[in-house]
Amino acid sequence: MREEVQINLQYVDVLNQWDPFHLENGDYDPEIADTTQAVHELDDPLKLAKRIQAIYEFSFEKIISIDECRRIAIDLLMIKANQSCSL
């Protein structure tokens, strides 16, 4: 359980640093929670990128490019892969 909390905190750090809409206070808590769940469910970078794009579009009614979403998806999946290798 503790390891899962640690990995989720790593996801949160990456997503807070991303700040795709340049909000000063990083007001992305619901999107980060949904994205974290998506990382647990998906292993394919493109599928995860599309899910991330949809999550943020739903909340902000703005589209983030799929390339930008793919970059963040790859970063998140690398954390997931590194964590599973250390178990």
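To the nearest 0.5 Å, atoms CD1 (I64) and CD (E57) are separated by 9.0 Å. Atom CD1 in I52 sits 12.0 Å away from atom CZ in R71 (nearest 0.5 Å). Here Q53 contributes atom CD and D67 contributes atom CG; the two are 9.5 Å apart, rounded to the nearest 0.5 Å. Separating the NZ atom in K47 from the CG atom in L42 is a distance of 7.5 Å, to the nearest 0.5 Å. For the atom pair I79 CD1 and Y11 OH, the distance stands at 6.5 Å (nearest 0.5 Å). Interatomic distance, Q10 CD to Q6 CD, rounded to the nearest 0.5 Å: 7.0 Å.
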Kindly list each side-chain donor-acceptor pair under 3.5 angstrom involving residues 12-22, sequence neighbours excluded, with atom names and distances?
unit_1, atom_1, unit_2, atom_2, d
N16, ND2, V12, O, 3.4
W18, NE1, E68, OE2, 3.0
D19, OD1, H22, N, 3.3
D19, OD1, L23, N, 2.9
D19, OD1, Y28, OH, 2.5
D19, OD2, L23, N, 3.4

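When all heavy atoms of A49 and C69 are compared, the closest pair comes out as O-CB, 3.5 Å. Taking both residues in full, the closest heavy atoms of P45 and A73 are given as O-CB, 3.6 Å, listed atom of the first, atom of the second, then distance.
Around CD of E61, the count of heavy atoms belonging to other residues, nucleotides or ligands within 6.0 Å does not exceed 12. In the displayed structure, F60 atom CZ is contacted under 6.0 Å by more than 12 heavy atoms of other residues, nucleotides or ligands.
Counting heavy atoms from C-beta outward, L48 and I72 have side chains that stay 4.5 Å or more apart.
In this view, D43 and K80 satisfy the side-chain hydrogen bond (donor to acceptor under 3.5 Å, both in side chains) rule, not counting sequence neighbours.
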